[in-house]
Peer 1: 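Handing you this structure, nothing more for now.
First listed ligand is number 1; within each ligand, the first listed atom is number 1.
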Amino acid sequence: MGTAAFVSGATGFIAQHIIKQLLEKGYSVVGSVRNESKGETLKKNFATDKFSYEIVEDLETVGAFDTALKKHPEVTIFLHTASPVTFDVEDNEKDIILPAINGTVNVLKAIKATAPQVNKVVITSSVASQRTFSNPSALVSEDTWNDITYEQAKSDSVAAYYGSKTFAEKAAIEFVKNEEPHFTISTVHPVFVFGPQAFDSEAKGELNVTNTFISGLLKLKEGSDASVPTNSGTFIDVRDVAAAHLIEIEKPSNGLRVLVKNVDFNSQSLLNIINKNFPELGLIKGDPEAPVDKKRITDAKSRAYLGVNYIDIEKSVVDTVKQYVAANKLG
Ligand code: NAP
């Protein structure tokens, strides 16, 4: 029957690619979703009996995952991806920080209490837990930790996201130290994730937050007084992020906080790729020669561990734009 994996937050941009790759490799997958209609959409899209879903309405409810896990004694691997990725909230602590921390703890408690057969847990963390809040230009690596305090994290929604990923990961480490569970925990730390949705139908309308950095550029029409946003960061394609999760579940855990990153970008460099490949969209040119700032991130240990060649940024942006333009009938 093959190995079965549980994926929390199955509706997510990254999670859908993880599930797709798991199914392609012969795993059975149980995904958690917040309601039935989201589950049914996924079932229709994955179109296989090897995918099923369980409803977990709220990450924060005590015992949230217990019932779902008890129903699936076949599950031996748990991938915890669910966490708020949103910056437009009313309450930074309540809407971003606490669901991330409590969701992680609830997952780990549920596995300890109800799923003795689960031997591996992979948590989707982020480079946000490896960056230094007090010094954004400090070198980032697999070994660095964000020094953000709880008070600082509450101050704005971006800080709250950084804090949420940092505190959730620390809570997982604390859990292992105190509870000595029967499973190992490892973490995957993507940088800024772009790339197509797992299904073309999901590219209609508003995209997940990180891809709006690309879709937002498609509104900058030539002849308008639009200017190029100042966003910048380091990129990785979603298909590489999903593949890193699969490598992580198939290799013995070695304690490496796997940092998944490709090249640096800014809005201008993304715009240059779009203008080169989609001149018919008639977007502003900006300053095509403007340089991309180099971010100080090293991922040497992770590259050696994963042993992969990443999808380049041009292909990632082209695949994203092509899918978005077709789904939304732009052009
Ligand atoms: P996404 O598309 O927004 O997916 C987030 C998932 O978490 C969705 O399934 C969402 O459910 C679920 N979720 C969020 N808040 C929840 C809550 N309070 N209760 C229950 N479920 C909740 O984001 P993504 O980009 O795929 O991110 C997935 C994971 O990767 C997150 O842990 C994120 O921190 C991490 N990550 C993302 C990036 C990036 O650039 N995208 C980079 C580094 C790390 P609904 O669909 O029902 O809202």
Peer 1: Under a plain distance cut-off of 3.5 Å, with no hydrogens placed, do N135 and S137 share a side-chain donor-acceptor pair?
Peer 2: yes
Peer 1: Decide whether an N or O pair under 3.5 Å exists between G12 and ligand 1.
Peer 2: yes
Peer 1: Closest by any non-hydrogen atom to atom 33 (C) of ligand 1: pick that one out of Y161, F213, F13.
Peer 2: Y161
Peer 1: Using a heavy-atom cut-off of under 4.0 Å, does the side chain or the backbone of H189 touch ligand 1, or both, or neither?
Peer 2: neither
Peer 1: Nearest heavy-atom pair of L220 and P229: which atoms, and what distance?
Peer 2: CD1-CD, 3.9 Å
Peer 1: Give the residue and atom name of whichever protein heavy atom lies nearest to atom 9 (O) of ligand 1, and the separation in Å to one decimal.
Peer 2: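 Its nearest protein heavy-atom neighbour is T11 OG1, 2.7 Å.
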Peer 1: Ignoring angles and geometry beyond distance, decide whether S126 reaches within less than 3.5 Å of ligand 1 through its nitrogen or oxygen atoms.
Peer 2: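 No, no N or O pair falls under 3.5 Å.
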Peer 1: Check the pair I214, N211 against side chain to side chain contact (heavy atoms under 4.5 Å, CB included), reporting the backbone distance first and the verdict last.
Peer 2: CA-CA 5 Å; I214 295 178; N211 269 325; 4.1 Å; yes
Peer 1: Which atoms form the tightest heavy-atom contact between F46 and K20, and what is the distance?
Peer 2: CE2-N, 3.8 Å
Peer 1: When you compare ligand 1 with T210, is there at least one nitrogen or oxygen pair between them that comes in under 3.5 angstrom?
Peer 2: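 Yes: some nitrogen or oxygen of T210 is under 3.5 Å from one in ligand 1.
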Peer 1: Is the closest heavy atom of D95 to ligand 1 under 4.0 Å?
Peer 2: no
Peer 1: Write out the residue and atom name of the closest protein heavy atom to atom 19 (N) of ligand 1, then the distance separating them to 0.1 Å.
Peer 2: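 Result: L59 CG, 3.3 Å.
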Peer 1: Going by the order shown, which atoms of ligand 1 are within less than 4.0 Å of some heavy atom of V191?
Peer 2: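 Checking each atom against V191, I get 40 (O), 42 (C), 43 (C).
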Peer 1: Stepwise, does the side chain to side chain contact (heavy atoms under 4.5 Å, CB included) test hold for Q197 with L207?
Peer 2: CA-CA 8 Å; Q197 305 296 312; L207 295 180; 3.8 Å; yes
Peer 1: Under 6.0 Å from the six-membered ring centre of Y53 and within 45° of its axis: does the NZ or CZ of K38 meet both?
Peer 2: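 No; the conditions do not both hold, so K38 does not lie above the ring face of Y53.
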Peer 1: Ignoring hydrogens and angles, tell me if any N or O in the side chain of Q130 forms a donor-acceptor pair with the backbone of R257 under 3.5 Å.
Peer 2: yes
Peer 1: Any non-hydrogen atom of S125 lying under 4.0 Å from ligand 1?
Peer 2: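 Right, S125 reaches ligand 1.
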Peer 1: Less than 4.5 Å apart, side chain to side chain, heavy atoms only: is that true for H189 and E169?
Peer 2: yes
Peer 1: Below the 3.5 angstrom mark, is there an N/O of R34, backbone or side chain, next to an N/O of ligand 1?
Peer 2: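 The answer is yes, given that R34 and ligand 1 share an N or O pair closer than 3.5 Å.
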Peer 1: What I want to know is whether V85 and ligand 1 share at least one N or O pair that is separated by under 3.5 angstrom.
Peer 2: no
Peer 1: Does atom NZ of K154 have more than 12 heavy-atom neighbours, drawn from other residues, nucleotides or ligands, at distances under 6.0 Å?
Peer 2: yes
Peer 1: Any nitrogen or oxygen of S83 lying under 3.5 Å from a nitrogen or oxygen in ligand 1? Just yes or no.
Peer 2: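 Between S83 and ligand 1 (N or O atoms, distance only) the closest approach is under 3.5 Å.
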Peer 1: Any side-chain heavy-atom pair from D237 and P196 closer than 4.5 angstrom?
Peer 2: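 Result yes, sub-4.5 Å side-chain heavy-atom pair found.
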Peer 1: What atoms of ligand 1 come closer than 4.0 angstrom to any heavy atom of G9?
Peer 2: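 So the answer, numbered in order with elements, is 9 (O).
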Peer 1: When only distance counts, is F192 in polar contact with ligand 1, meaning an N/O pair under 3.5 Å?
Peer 2: no
Peer 1: Give every residue pair that meets the ring-ring contact (aromatic ring centres under 6.0 Å, His included) criterion with at least one member in residues 260-281, sequence neighbours excluded.
Peer 2: F192-F265, F194-F265
Peer 1: Using a 4.0 Å cut-off to any heavy atom of T81, which atoms of ligand 1 qualify?
Peer 2: 28 (C), 29 (C), 31 (C), 32 (O)
Peer 1: Mind checking whether F87 and Y161 have parallel, tilted or perpendicular rings, split at 30° and 60°?
Peer 2: perpendicular
Peer 1: So is there a nitrogen or oxygen of P99 less than 3.5 Å from a nitrogen or oxygen in ligand 1?
Peer 2: no
Peer 1: For D58 and ligand 1, answer yes if some heavy atom of the residue is under 4.0 Å from a ligand atom, otherwise no.
Peer 2: no
Peer 1: At a 4.0 Å threshold, what atoms of ligand 1 neighbour a non-hydrogen atom of T124?
Peer 2: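 Per the distance check, 29 (C), 30 (O), 32 (O), 35 (C).
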Peer 1: Taking D287's backbone N and O only, do any of them form a donor-acceptor pair with Q268's side chain (distance below 3.5 Å, no angle check)?
Peer 2: yes
Peer 1: Which ligand 1 atoms, with their elements, are less than 4.0 angstrom from a heavy-atom of K38?
Peer 2: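 Ligand 1 atoms under the 4.0 Å threshold to K38: 45 (P), 46 (O), 47 (O), 48 (O).
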Peer 1: Tell me: protein heavy atom nearest atom 37 (C) of ligand 1, and distance?
Peer 2: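 Ranked first by proximity to atom 37 (C) of ligand 1 is I14 CD1, 3.6 Å.
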Peer 1: Return the orientation label for the H80 and F78 ring planes: parallel under 30°, perpendicular over 60°, tilted otherwise.
Peer 2: tilted
Peer 1: List the closest protein heavy-atom neighbour of atom 43 (C) of ligand 1: residue, atom name, distance to the nearest 0.1 Å.
Peer 2: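 Result: P190 O, 3.3 Å.
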Peer 1: In terms of atom number and element, which parts of ligand 1 are under 4.0 angstrom from non-hydrogen atoms of A82?
Peer 2: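 Those of ligand 1 that fall under 4.0 Å from A82 are 7 (O).
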Peer 1: When only distance counts, is V193 in polar contact with ligand 1, meaning an N/O pair under 3.5 Å?
Peer 2: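 N/O-N/O distance under 3.5 Å: yes.
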